[in-house]
Amino acid sequence: MDSAKYLARIDSLCTGDLTAAHGGSDVLMAGSHDRIVSLELRSAVWTGDAAQRVRTVEDFHALKDHLAVLLDTRWGARRPWWMGTLVVRIDRGEPISEPWATCSTLVDDLDLWQPTGTGRWLALGVLEGEMDDEVHLLALVTDTAPP
């Protein structure tokens, strides 16, 4: 695990130009004021081994928790956010701003910070998908406050 690599990418997202074109090969979604980036990815070669899949997902959650501790020391305690609330609001027809609406379809929960002096929001989550899908550690950075 290379924490410095992940923190450097998070820093570049928090301070970089979000209006610039796409922004890198790790970008899963790019809006005019936001990015959803895959900080780490494990390929979908599971060969039917459910235990391996479970271990991988657990490893990704542990990595997210490790990075969260490091980010807590920078910007204060994270705010855990369960995305089910947004899903219910979307189901009721309430408009939810991007990238939050998309993120609610990708992850079950996020750890959320507002990095000091950036005017942005940062969130970390684990995209687990289905058994045959890749697993990602996601970082979301946006100028748009959570709804």
Side-chain angles (χ1 to χ4, degrees), residues 1-46 52-91 94-147:
M1 169 177 25
D2 187 0
S3 300
K5 172 183 83 169
Y6 302 122
L7 293 174
R9 182 61 173 130
I10 289 168
D11 288 341
S12 73
L13 290 164
C14 289
T15 59
D17 181 6
L18 292 179
T19 63
H22 198 264
S25 62
D26 59 352
V27 176
L28 299 178
M29 187 190 106
S32 59
H33 297 282
D34 50 69
R35 297 281 184 277
I36 298 177
V37 171
S38 178
L39 295 175
E40 187 65 50
L41 148 76
R42 184 83 39 91
S43 180
V45 182
W46 304 111
Q52 176 192 5
R53 168 81 175 174
V54 168
R55 284 189 304 275
T56 298
V57 169
E58 289 172 348
D59 289 348
F60 272 63
H61 280 283
L63 174 57
K64 178 183 78 121
D65 292 342
H66 171 74
L67 291 174
V69 168
L70 298 175
L71 295 171
D72 285 348
T73 62
R74 289 182 175 192
W75 300 316
R78 70 198 97 156
R79 297 191 332 205
W81 193 23
W82 182 60
M83 300 303 283
T85 304
L86 285 187
V87 172
V88 169
R89 291 170 61 189
I90 290 167
D91 287 347
E94 185 177 335
I96 301 295
S97 58
E98 288 296 348
W100 304 106
T102 295
C103 205
S104 73
T105 67
L106 300 176
V107 300
D108 293 332
D109 59 77
L110 293 170
D111 288 335
L112 183 65
W113 297 264
Q114 190 169 25
T116 309
T118 67
R120 294 189 176 156
W121 294 87
L122 167 71
L124 295 179
V126 176
L127 170 58
E128 298 176 29
E130 299 298 323
M131 180 67 178
D132 58 347
D133 291 339
E134 298 168 330
V135 179
H136 295 262
L137 174 62
L138 298 181
L140 174 147
V141 176
T142 182
D143 293 337
T144 305

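Counting from 1, the numbers follow the sequence of the chain as shown. Predicted model, so just to flag it, every value in this text is computed and none were measured.
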Point to revise | Nearest-0.5 Å distance that lies between atom CH2 in Trp75 and atom OG1 in Thr118 | key: 7.0 Å
Review point. For Asp34 and Leu140, what are the C-alpha separation, side-chain angles and deciding distance, and is it a side-chain contact (heavy atoms from CB on, under 4.5 Å)?
Key: CA-CA 7 Å; Asp34 50 69; Leu140 174 147; 5.8 Å; no
Practice item. State whether the number of non-hydrogen atoms from other residues, nucleotides or ligands found under 6.0 Å of His61 atom NE2 is greater than 12. Key: yes
Point to revise | Minimum heavy-atom distance Arg74-Leu7, with the two atoms named | key: NH2-CB, 3.9 Å
Check your understanding: Taking it one step at a time, do Leu110 and Met83 satisfy side-chain contact (heavy atoms from CB on, under 4.5 Å)?
Key -> CA-CA 7 Å; Leu110 293 170; Met83 300 303 283; 3.6 Å; yes
Check your understanding: Between the side chain of Asp26 and the main-chain N/O of Val37, is any donor-acceptor distance below 3.5 Å?
Key -> no
Point to revise | Check: Arg35 side chain, Leu18 main-chain N or O, donor-acceptor pair, under 3.5 Å | key: yes
Review point. Taking all atoms of both residues into account, what is the closest heavy-atom pair of Pro99 and Met29, and its distance?
Key: CB-CE, 3.4 Å
Exercise for review: Any chance you could lay out the side-chain contact (heavy atoms from CB on, under 4.5 Å) test for Asp143 and Arg120, step after step, and finish with the verdict?
Suggested key: CA-CA 5 Å; Asp143 293 337; Arg120 294 189 176 156; 3.0 Å; yes
Check your understanding: With side chains defined as the heavy atoms from C-beta onward, is the minimum distance between Pro147 and Glu94 less than 4.5 Å?
Key -> no
Point to revise | Euclidean distance, Asp65 CG relative to Leu124 CG, rounded to 0.5 Å | key: 9.5 Å
Revision key, fill the gap. For Ser3 and His66, the nearest pair of non-hydrogen atoms, with its separation, is OG-NE2, 2.8 Å
Point to revise | Distance in Å, Glu128 CD paired with Arg53 CZ, rounded so as to fall on 0.5 Å steps | key: 7.0 Å
Practice item. Give a yes or no answer on whether the side chain of Arg78 reaches the backbone of Leu71 with a donor-acceptor pair at less than 3.5 Å. Key: no
**Study point:** For the student: nearest non-hydrogen atoms of Leu112 and Ala123, plus distance
**Key:** CD1-CB, 4.0 Å
**Study point:** Centroid separation Trp81 to Trp100 less than 6.0 Å
**Key:** yes
Point to revise | Heavy-atom pair of closest approach, residues Ser104 and Ile90 | key: OG-CD1, 3.5 Å
Practice item. Could you go through the side-chain contact (heavy atoms from CB on, under 4.5 Å) check for Leu137 and Val126 one step at a time? Key: CA-CA 5 Å; Leu137 174 62; Val126 176; 4.3 Å; yes
Study note, to complete from the structure: OG1 (Thr15) and CD1 (Ile10) are apart, to the nearest 0.5 Å, by 11.5 Å
**Study point:** Heavy-atom pair of closest approach, residues Leu122 and Cys14
**Key:** CB-SG, 4.4 Å
Point to revise | Partner of Lys64 by side chain to side chain contact (heavy atoms under 4.5 Å, CB included), out of Val107, Leu39, Asp109, Asp59 | key: Asp109
**Study point:** Cationic N near anionic O, under 4.0 Å, Glu40 to Arg9
**Key:** no
Check your understanding: Can you tell if the side chain of Leu127 reaches within under 4.5 Å of the side chain of Phe60, non-hydrogen atoms only?
Key -> no
